[in-house]
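Here the structure is laid out as structure tokens; the discussion comes afterwards.
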Amino acid sequence: MEQLLNVIERTWGYRELRPLQQPAMQAVLDQRDSLVVLPTGGGKSLCYQAPALLRGGTTVVVSPLIALMKDQVDGLVELGVNAVQLDSSLSGMQRSVIEVELTRGDIRLLFVSPERMATPDFCAFLQRLNIRTFAIDEAHCISHWGHDFRPEYRLLGRIKELFPESSVHAYTATATEKVRLDICAQLRLKNPEVLVGDFDRPNLSYRILPRGNEDQQVLDVCNQHKGEPGIIYCFRRKDVDSTYAFLKDRGFNAMPYHAGMEPMQRKVVSEAFAAERCDIVVATIAFGMGIDRSNIRYVLHTSMPKSIEHYQQETGRAGRDGLEADCVLLYSVQDLFVWQKLMKKSAEEAGATQEFIKSILKHLDDLDRYLRGSICRHKYLVEYFGQSYANPNCAACDICLGDTEPVADSTLIAQKILSCVARVKETYGVNHVISVLRGEHSPRVLSLGHDKLSTFGLLMDHGAPTLRDWIFQLIGQGVLKQEGAEYPVLKLNDASWEVMRKQRTVKLVQVAQPKEAGKAKKSKKAEESWEGVERPLFDELREFRKNLAAERGVPAYVLFYDTTLRELASIRPTTRAALGRITGINEKKMTEFGEALLVIIQNYAKTHRVDTDVNVAPRPEAPPKPWTKPKDADNPRTTVGQAIQMFRQGRSIDDVMEQTGRARGTVVEYLSDYLHIDKPADVNAWVDRVTYDRIAAAAVKLGRQKLKPIFAELDEKIPYETIRIVLSWLDATNA
Ligand code: ADP
Ligand code: ZN
């Protein structure tokens, strides 16, 4: 394992593993079959890629989509790993070259489609190569119970038979218990190690909005994320076309993507998006899979997907780099009805069993319940996948952020709506009930004499969209029903009567008015992850990456992830040593781009006068110079004087940064000045007690001359600035 960690650091530049990556890789090293279930972005690929480098021989990776394979192969080659894909786009010549390389054992990872894996010739070839390791990506495709069954995956069940010596490792992002068992059974895994990760994606924030003025809603989301990459999913091709045209007209850098386009055109779009030449892809749900980019900052669904699994997978494409991202869905119950009809029809045409049809409709229902629900989105999703969620407030969903608020007099409103349904004798649909409640003198209402009903005009102060939304909330809560496929009508049930008899209360919600106009609340994660990042420098680095990607014809994210760029823009390293400590900078990247990055950072720091090497110990670390009092320390009109006054009042570093506009490193210097001048009794206002004790103890052991040994002693977990504060105080008070 230690060797493996070295390989990972050297090749990928990662210094830590994500949850479950270690046991997952151990299973590969031990040749033990495994099933690894990690959410999208959880880091499944590393689980088979890294061991493949260490183990010699070739690992065969089965993956359902050529586009997905291509991205992985590009990424690996960029890292200096010998990986190839065999697919039908290759010429006979290219194929022979690859076959020779495979025979020589030069190739670490071979990516193939399930169809190819099923051909006898190809299997015979692999048998001659003595393949020992198989990785099956998107393994849920093998299960009938999954949401994305692909018949060609069934043939993978023969691998164990044809390669009895091999170990098979299955990976998926979405699988309920039933699907998990089925995957193991279908692939005939022997005593598999089953690893199921945490399904929560805390960096994603989920929002469900009632679909109203769709164009405006789309515009709002895109405006909030100007210049950032996003995907917009639409229901049909024509929605894709119209949404795309709408955005294009408003100057957005968008491209369309759907099945009706030529494969070549689709490729152009995928590549433009990956190379950061295009910000927004407007796509149909069915054809988004080949679009992959790790720094997608938002996914907007303008309609309902067909299962929670799909929703999770589609939203899961956002924020794969672990940074914050928004997932917004525009909901309307119409979509549910359209899907129900469509799915029943296509399943029946395909001759599916009743049981299968029931299973797909249930998937749809589960999603609908989620969308209408009023419990935390993170909690619902996590529990759907069979895990528990203890956090009482996720701080990253519409429910927890208070995007919605309770409607005053909910129960009274519900009673009015339900009585109206009763008065029209449970034989009319939503629209008619709304007309009556709003007191509309329409020909239909008048001809039926419904203007004479006691419920006529009972809710005339509310708009039709609002009433519609409330009615569907009542349906969602089970106190009202909608029946009939062609012309659905509203019906009452026992629960409705309980509400009308005041034996039961109802809670309706509405979209809260934002406190600051036009500004959506940011999740906590979003605020944290930009902390200390020099935004203009980040943008410069992005531009650098974009040009580099264009030059090399590879997707931008295979060069650097956004996480790496943000780290560069917040730490701002100016030496190769400091640069080498940035996550994602491996030896190869250092050699190729190290100098260029340092130049960009140094120039930026010079022109913008910002600190560099924030939180990085100077190297070699000189012993600290004795403290001297700054000459302006007592003048409150100078920055240092102002800072010292603020610290005297016990204000935080962040406060002082905001007030003075100075970088963190500089403000910590001011704090040190204050500590030397005032010698306060403690530093509790800036360092918590436990951390203080640990640093002080380390300082006793290692001396106060250098920060780095203390930093190392404390497992590199405590920021340099915190150590710096404690040492300054010890120095000042001569403790
Ligand atoms: P999945 O296949 O599970 O959706 P990926 O394998 O594509 O996820 O990984 C998601 C992202 O996380 C990628 O950008 C990948 O490089 C990154 N990643 C994976 N493992 C680590 C790690 N240990 N440290 C840092 N980044 C990682
Ligand atoms: Zn929540």
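Note that ligands are numbered from 1 as they come in the structure, with each ligand's atoms numbered from 1 the same way. Residue indices begin at 1 and follow the sequence shown.
- Proximity of Val194 to Cys184: side-chain heavy atoms (C-beta onward) are separated by under 4.5 Å at one or more points.
- Within ligand 1, counting atoms from 1 as listed, the ones closer than 4.0 Å to a heavy atom of Pro39 are 3 (O).
- In this structure, Leu38 falls outside the shell of residues with a heavy atom less than 4.0 angstrom from ligand 1.
- With respect to atom 12 (O) of ligand 1, the closest heavy atom belonging to the protein is Arg18 NH1, 2.9 Å.
- Close approach of ligand 1 to Tyr561 is summarised as follows: ligand atoms under 4.0 Å from at least one heavy atom of the residue are 13 (C), 14 (O), 15 (C), 16 (O).
- There is no side-chain donor-acceptor pair under 3.5 Å between Asp33 and His169.
- Note: an N/O pair closer than 3.5 Å links Gln21 and ligand 1 by distance alone.
- Inspection of the Asn295 and Glu276 side chains reveals an N or O donor paired with an N or O acceptor under 3.5 Å.
- Summarising the geometry of His378 relative to Cys394, their closest heavy-atom pair is CD2-SG, 3.4 Å, with the distance given to 0.1 Å.
- Closest approach of Ile183 to Ala170, counting heavy atoms only: CG2-CB, 4.1 Å.
- Atom 4 (O) of ligand 1 has as its closest protein heavy atom Gly41 N, 2.6 Å.
- Tyr331 and Asp368 form a side-chain donor-acceptor contact under 3.5 Å, judged by distance and modelled atom types alone.
- In this structure, atom 8 (O) of ligand 1 lies nearest to the protein heavy atom Gly43 N, 3.2 Å.
- Between SG of Cys394 and SG of Cys397, the angle at the Zn ion (ligand 2) works out to 110°, rounded to 10 degrees.
- Heavy-atom proximity to Leu46, at under 4.0 Å, picks out these atoms of ligand 1: 20 (N).
- Protein heavy atom nearest atom 15 (C) of ligand 1, with residue, atom name and distance: Tyr14 OH, 3.4 Å.
- In this structure, a donor-acceptor pair under 3.5 Å is present between the side chains of Gln49 and Gln72.
- Between Asp321 and ligand 1 there is no heavy-atom distance shorter than 4.0 Å.
- Note on Cys400: counted as a metal contact of the Zn ion (ligand 2), an N/O/S atom lying under 2.8 Å.
- A cation-pi contact, defined as under 6.0 Å to the ring centre and within 45° of the axis, is absent between Arg372 and Phe472.
- Of all the heavy atoms of Glu16, the ones lying under 4.0 Å from any atom of ligand 1 belong exclusively to the backbone.
- Of the candidates Arg15, Gln49, Glu9, Arg320, Arg320 brings a heavy atom nearest to atom 11 (C) of ligand 1.
- Residue nearest to atom 6 (O) of ligand 1, selected from Cys47, Gly316, Ser45, Gly584: Ser45 (by heavy-atom distance).
- Judged purely by distance below 3.5 Å, without hydrogens or angles, the side chains of Arg32 and Ser167 never pair a donor atom with an acceptor atom.
- Ion pairing between Arg180 and Glu177 holds under the 4.0 Å rule for side-chain N and carboxylate O.
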